J.: 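If you scroll down you'll find the structure; I have some questions about it.
Residue numbers start at 1 and run along the sequence shown. A quick note: this is a predicted structure, and the numbers were derived from the prediction, not measured.
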Amino acid sequence: MPDESTWWTMVRGAAAGDAAARAAFAERYLPAVRAYLSARWRTGPLAAEVEDATQEVFLECFRDGGALARVDPARAGGFRGYLYGIARNVARRAEDRRGRPVEQQLPAEEIDSGDSSLSRAFDRAWANGVMREAAARQTARAAKEGEAALRRVDLLRLRFHDGLPIRDIAARWSADPAWVHHEYARARAEFRAALLDVVAEQHPGSPADIERECAALLDLL
């Protein structure tokens with residue numbers, strides 16, 4: 001188990017009714033659920049019901065004996081597939097209430113399947129959330145390690161968020177470009193370690209399985 005077990009602590013707390021854990025859970029996973037429902041219902045009469053259905057997904061997770069209470073940490077496919085299944089079931093119930101099967105509400109090429117644009121919308125939003133969590137974890141670790149580690153976090157921000165090349169960062173810092181390249185490699189390794197830990201908490205398996213899941217998430221971005 002990674003050195004921070006905060007994810008399962010959050011899930012168990014949310015299942016038990018802890019308000020802070022439920023708020024953290026909803027904040028983390030709301031974008032993926034909303035992205036999926038928005039893609040599924042982007043046109044038609046259910047387009048106005050995305051927010052209500054999103055809330056219904058979380059009610060399904062949080063109710064007594066609900067989805068979170070039944071989570072198996074060793075479940076094949078990890079938590080991503082589990083939450084996707086909950087969102088899909090809520091969507092189908094909403095469509096059933098309309099009295100029409102999915103096939104009559106969506107174009108044929110968008111019928112929900114593992115390879116559809118609908119699952120990709122969910123997965124892209126999920127991947128973005130995982131990257132944010134990995135960045136937050138790297139920052140938290142850097143804060144414990146000191147100024148040099150925090151500077152490496154800032155280096156990644158300048159490189160990826162601001163789009164600055166290494167030579168420009170070196171000039172801004174009045175530093176040797178070779179040293180900045182070296183620190184950049186360290187910063188990327190630190191981010192990768194945080195990412196592997198985040199994924200391992202939610203996607204059980206061998207180290208090779210975790211590596212493949214990380215690669216798949218990066219490919220989604």
Side-chain angles (χ1 to χ4, degrees), residues 1-41 46-97 118-119 121-144 150 153 157 191 193-204 210 213-214 217 220:
M1 176 65 78
D3 60 357
E4 289 109 336
S5 58
T6 55
W7 186 80
W8 277 111
T9 300
M10 176 189 70
V11 169
R12 293 187 184 107
D18 180 84
R22 288 185 170 186
F25 181 91
E27 181 180 5
R28 181 174 298 189
Y29 295 118
L30 187 146
V33 173
R34 182 185 284 143
Y36 166 73
L37 293 169
S38 296
R40 189 176 180 114
W41 298 335
L46 285 168
E49 297 187 23
V50 167
E51 292 304 319
D52 287 345
T54 297
Q55 294 303 313
E56 187 176 343
V57 170
F58 290 98
L59 290 174
E60 178 68 21
C61 288
F62 297 153
R63 67 180 175 81
D64 288 345
L68 286 192
R70 301 191 301 271
V71 171
D72 179 2
R75 180 186 184 277
F79 190 70
R80 174 160 58 113
Y82 188 69
L83 183 61
Y84 178 79
I86 296 168
R88 182 179 56 197
N89 289 341
V90 167
R92 286 174 172 172
R93 287 203 300 266
E95 290 156 356
D96 288 343
R97 289 195 292 268
L118 304 179
S119 62
F122 179 93
D123 288 345
R124 280 194 298 269
W126 178 282
N128 278 312
V130 170
M131 298 306 152
R132 287 192 298 271
E133 176 63 19
R137 184 163 298 193
Q138 181 189 14
T139 300
R141 292 177 179 176
K144 296 177 182 178
L150 285 170
V153 172
R157 180 187 62 79
F191 176 81
L195 176 61
L196 286 168
D197 281 356
V198 171
V199 171
E201 291 178 356
Q202 305 176 41
H203 190 88
I210 304 307
E213 177 68 5
C214 286
L217 291 172
L220 286 166

J.: Which distance, rounded to the nearest 0.5 Å, do you find between the CG of L196 and the CD1 of I210?
T.: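 Here the interatomic distance stands at 8.0 Å.
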J.: What is the distance from atom OH of Y36 to atom CD1 of I86, rounded to the nearest 0.5 Å?
T.: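 Going from OH on Y36 over to CD1 on I86, the span is 12.0 Å.
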J.: Using modelled atom types and a 3.5 Å cut-off, is there a donor and acceptor pairing between side-chain atoms of W7 and backbone atoms of V198?
T.: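 No.
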J.: Is atom CG of D64 surrounded by more than 12 heavy atoms (other residues, nucleotides or ligands) closer than 6.0 Å?
T.: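 No - once you tally the heavy atoms of other residues, nucleotides and ligands closer than 6.0 Å, there are 12 at most.
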J.: Do the charged groups of R97 and E56 touch, with an N to O distance under 4.0 Å?
T.: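 Judged by the 4.0 Å cut-off on N to carboxylate O distance, R97 and E56 do form a salt bridge.
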J.: Determine whether the aromatic ring centres of residues W126 and Y84 are separated by less than 6.0 angstrom.
T.: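 Centroid separation for Y84 and W126: 6.0 Å or greater.
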J.: Within the side chain of R34, is there an N or O that forms a donor-acceptor pair under 3.5 Å with the backbone of E51?
T.: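 Such a contact is absent between R34 side chain and E51 backbone.
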J.: Step by step, would you call E213 with V130 a side chain to side chain contact (heavy atoms under 4.5 Å, CB included)?
T.: CA-CA 11 Å; E213 177 68 5; V130 170; over 6 Å; no
J.: On a heavy-atom basis, which atom in G65 and which in R70 lie closest, and how many Å separate them?
T.: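 Heavy atoms only, the tightest pair is O-NH1, 2.8 Å.
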J.: Any chance you could measure F122, atom CZ, to L83, atom CG, to the nearest 0.5 Å?
T.: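 The CZ atom of F122 sits 4.0 Å away from the CG atom of L83.
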J.: Indicate the atoms forming the closest heavy-atom contact of V50 with S38, along with that distance.
T.: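 What the structure gives for the nearest pair is CG1-OG, 3.6 Å.
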J.: I need the minimum non-hydrogen distance between L46 and W41, along with the two atoms involved.
T.: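 Distance-wise, the nearest heavy atoms are O-CE3, 3.4 Å.
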J.: Below 4.5 Å, heavy atoms only, C-beta onward: do Y29 and V57 meet side chain to side chain?
T.: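 Result no, sub-4.5 Å side-chain heavy-atom pair not found.
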J.: Kindly give the heavy-atom pair with the smallest separation between G13 and A21, and that separation in Å.
T.: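 Heavy atoms of G13 and A21 come nearest at C-CB, 3.6 Å.
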J.: Between the main-chain N or O of F62 and the side-chain N or O of R22, is there a donor-acceptor pair closer than 3.5 Å?
T.: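 Side chain of R22 to backbone of F62: a pair is present.
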J.: Between CG of L195 and CD of Q138, what distance do you get to the nearest 0.5 Å?
T.: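 The distance works out to 10.5 Å.
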J.: Can you tell me how far apart CD (E60) and CG (L68) are? Round to the nearest 0.5 Å.
T.: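 It comes to 9.5 Å.
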J.: About how many Å separate CE of M131 and SG of C214, when rounded to the nearest 0.5 Å?
T.: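 Output value for this atom pair is 7.0 Å.
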J.: Could you pull out the closest heavy-atom pair between A125 and P31, with the gap in Å?
T.: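 Looking at all heavy atoms of both residues, the shortest contact is CB-O, 3.7 Å.
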J.: Indicate the atoms forming the closest heavy-atom contact of V90 with A53, along with that distance.
T.: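 So the minimum-distance heavy-atom pair works out to CG1-O, 3.7 Å.
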J.: Could you go step by step and tell me if D72 and Y82 meet the side chain to side chain contact (heavy atoms under 4.5 Å, CB included) rule?
T.: CA-CA 9 Å; D72 179 2; Y82 188 69; over 6 Å; no
